[in-house]
Amino acid sequence: MHLAFLNQKGGVGKTTLAVNVADAIARRGNRTLLIDADPQGSALEWAAAREANHDATDVPFPVVGLATDFIHKELPSLARGYDCVVIDGPPRVNKVSAAAIMASDLVLIPVQPSPYDVWATDDIIELIEQARTLRPEIDARFVVNRKIAKTALGQAINHALIDYPLPVFGSQICQRIAFADTATKGQSVLEAVPNEPAAAEILNLTNEIMELFDEQGRIVSRQAAQQA
Ligand SMILES: Nc1ncnc2c1ncn2[C@@H]1O[C@H](COP(=O)(O)OP(=O)(O)O)[C@@H](O)[C@H]1O
Ligand SMILES: [Mg+2]
């Protein structure tokens with residue numbers, strides 16, 4: 001199972017979701033590796049904050065930095081011994097993003113609930129379409145992040161999402177202080193605030209992700225769609 005969180009826009013929640021989803025997948029008993037493909041190294045900073053925080057002793061998954069154009073070539077050897085690899089992508093469309101897509105079964109594109117955020121994904125969608133000429137099975141979906149709790153998604157963003165060729169995860173992540181607070185301490189929401197809504201949202205998203213894979217960790221969603 002290889003997942004990548006990508007969007008050329010910074011601040012949309014790639015690192016937040018990559019860390020928390022990797023943690024949720026690891027807690028389900030999967031050996032999980034988080035790859036930081038952002039040259040700014042935010043996921044590595046999360047791991048460093050974790051080491052400095054004595055409350056967070058166990059390491060749920062290793063984090064390694066690999067912001068190179070060769071991720072897809074290096075991944076098979078790095079991924080040996082892991083059930084799941086999660087890639088936290090860079091804040092731009094470049095060769096690293098293209099390599100991350102080629103290394104992935106599923107690309108998750110976090111977007112904030114604004115049509116501007118959806119429109120800003122054109123370049124990453126184009127990269128996904130190019131990658132699909134070589135690997136048609138690559139699945140890619142939007143995930144709405146930083147929604148204001150108890151509000152419906154605005155009509156404008158719903159329209160913007162419908163006009164795009166990619167599906168949208170049904171689970172949405174709200175704007176919640178717990179995501180920022182836990183990150184400062186190098187923790188995940190499942191670990192620090194397991195009974196809060198932030199944790200439930202991450203579990204729902206993770207369940208939806210897992211349903212796209214079979215028992216052997218192979219992506220089944222796109223193959224099924226192509227055969228239909
Ligand atoms: N759902 C959320 N609720 C509250 N804060 C969030 C949420 N998602 C992200 N953030 C905050 O927004 C900032 C940018 O998020 P980050 O995951 O670093 O984005 P990216 O990796 O796409 O640049 C961080 O300070 C993070 O704590
Ligand atoms: Mg980031």
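Computed over heavy atoms, backbone and side chain alike; hydrogens, waters and symmetry mates excluded. Remember, it's 1-based here, ligands and their atoms both numbered in the order they're listed.
- Distance from atom 14 (C) of ligand 1 to its nearest protein heavy atom, with residue and atom name: G11 CA, 3.7 Å.
- For the side chain to side chain donor-acceptor pair (under 3.5 Å) test with R50, the passing option among E191, E45, Q187 is E191; the others fail.
- Between C174 and ligand 1, an N or O atom pair is found at a separation short of 3.5 Å.
- Here the shortest heavy-atom pairing between C174 and A149 reads SG-CA, 3.8 Å.
- Within the 4.0 Å heavy-atom criterion, both parts of Q175, backbone and side chain, lie near ligand 1.
- Remark: minimum distance from atom 17 (O) of ligand 1 to any protein heavy atom is reached at T16 OG1, 2.6 Å.
- Checking Q40 against the Mg ion (ligand 2), every N/O/S atom stays at or beyond the 2.8 Å cut-off.
- Residue G11 comes nearest to Q112 through the heavy atom pair O-NE2, 2.8 Å, listed as atom of the first residue, atom of the second, then distance.
- In terms of modelled atom types and a separation under 3.5 Å, the side chain of D214 and the main chain of Q216 share a donor-acceptor contact.
- In this structure, atom 4 (C) of ligand 1 is in close contact with the protein, since a protein heavy atom lies within 4.0 Å of it.
- Summarising the geometry, atom CZ belonging to F5 is positioned 5.5 Å from atom CG belonging to L17; distances are rounded to the nearest 0.5 Å.
- Between the side chains of R92 and N7, no donor N or O sits under 3.5 Å from an acceptor N or O.
- Polar contact with ligand 1: absent for I177 (N/O pair, distance under 3.5 Å).
- Shortest contact from atom 19 (O) of ligand 1 to any protein heavy atom: G13 N, 3.0 Å.
- Using a 4.0 Å cutoff on heavy atoms, G10 counts as a contact of ligand 1.
- For atom 18 (O) of ligand 1, the closest heavy atom belonging to the protein is T15 CB, 4.1 Å.
- Under the 4.0 angstrom criterion, atom 25 (O) of ligand 1 counts as lacking any protein heavy-atom contact.
- If you look at W46 and F61, their ring centroids are closer than 6.0 Å.
- Between K147, R146, E201, Q172, it is R146 that holds the heavy atom closest to atom 7 (C) of ligand 1.
- At under 3.5 Å, not a single nitrogen or oxygen of L17, backbone or side chain, sits near a nitrogen or oxygen of ligand 1.
- When only modelled atom types and interatomic distance are considered, S171 and N204 share no side-chain donor-acceptor pair under 3.5 Å.
- Neither the backbone nor the side chain of P110 has any atom closer than 4.0 Å to an atom of ligand 1 (non-hydrogen atoms only).
- From the protein, the heavy atom lying nearest to atom 8 (N) of ligand 1 is N145 ND2, 3.1 Å.
- Smallest separation of non-hydrogen atoms from V189 and N20: N-OD1, 2.9 Å.
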